[in-house]
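Some notes on the structure that comes next.
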Amino acid sequence: MDQSRKILVADDDERLRRLLKIRLEAEGYTVILCQDAYQALEAARSQRPDLLLLDINMPAGSGFSVQERIAKMPELRNTPVIYITGSTSSETDQQAHDVGAYAIIHKPFSPARLFELIRTALGYWSCDDVPAQSA
C-alpha cells in the first residue's frame, strides 16, 4: 500500500477517532485527527489529505460545511469524502449526495465495509480484493 496516503478523520467522538486511527494506521495510512469542523477545515488546507472521513454533526459546523468549503479550493475540490453518521434520515443521505459525497456510512458500521469504501475511493485494490475471473 502507498504509505503516503493521508486520511483526515473528523468526529466529535474521541473514542471513535482513536479507534479509526489505530485501524487506519495498521493498514498503512497516515491519519490526521480532528474533533470539529473548524479543525477539519484547517487541517485539510494545511495537510491536503487524500480522503476525508467526516461526521455530519460536529461542533463548529457540520461535515457538510467542511465539504462545501473544500469544494471551492482548487487543490482540494476532488478529495473524496465519506460521511460517518449516526443519522438514519433519508434527508441526510440526500444532502450527502447533493454536496458530492463519495459515500455515507451509518453508525454502527462494519469496519470491513468502511475499508472497502476507503480503498475504492482512493482508487486501488490489492490483488486479494479482485474477484477471480471464470475461464
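Just so it is clear, the values below take in all heavy atoms, side chains as well, and ignore hydrogens, waters and symmetry mates. These figures come from a predicted structure and were not determined experimentally.
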Should we say atom NE2 of His106 is surrounded by more than 12 heavy atoms from elsewhere, each under 6.0 Å from it?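 More than 12 heavy atoms, drawn from other residues, nucleotides or ligands, come within 6.0 Å of this atom.
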If you count the non-hydrogen atoms of other residues, nucleotides and ligands that lie under 6.0 Å from OH in Tyr102, is the total more than 12?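 Enclosed.
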Inter-residue atom distance [X].[atom1] - [Y].[atom2], 0.5 Å rounding:
X     : Y     : atom1 : atom2 : value
Cys34 : Asp55 : SG    : CG    : 12.0 Å
Ile56 : Ser65 : CD1   : OG    : 11.0 Å
Ile32 : Ile7  : CD1   : CD1   : 9.5 Å
Ile70 : Glu75 : CD1   : CD    : 10.0 Å
Leu33 : Arg18 : CG    : CZ    : 10.0 Å

Shared ILVMFWY cluster between [X] and [Y], side chains joined below 4.5 angstrom?
X      : Y     : result
Leu122 : Ile84 : yes
Leu24  : Ile82 : yes
Val9   : Leu19 : no

Polar side-chain atom of Tyr83 near backbone of Gly63 as donor-acceptor pair, under 3.5 Å: yes
Checking the side chain of Arg69 only, and the main-chain atoms of Leu41 only, is there a donor and an acceptor separated by less than 3.5 Å? no
I want to check something: taking the side chain as every heavy atom from C-beta on, are [X] and [Y] in contact at a cut-off of under 4.5 Å?
X     : Y      : result
Leu20 : Val31  : no
Tyr29 : Ile118 : yes
Lys21 : Arg17  : no
Gln94 : Glu91  : no
Leu54 : Leu8   : yes
Gln95 : Ile104 : no
Val66 : Leu52  : yes
Asp12 : Asp36  : no

Looking only at heavy atoms, what is the nearest atom pair of Leu51 and Ala121, with distance?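 In terms of heavy atoms, the two residues are closest at CD1-CB, 3.4 Å.
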What are the two closest non-hydrogen atoms of Met73 and Arg45, and how far apart are they?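 In terms of heavy atoms, the two residues are closest at CE-NE, 3.2 Å.
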Quick one: do Arg113 and Glu116 make a salt bridge, cutoff under 4.0 Å? yes
Between Arg23 and Glu27, does any side-chain N to carboxylate O distance fall below 4.0 Å?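 No, Arg23 and Glu27 are not salt-bridged.
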How does the hydrophobic cluster around Ile22 look, that is, which other residues are in it when side-chain heavy atoms under 4.5 Å mark a link? none
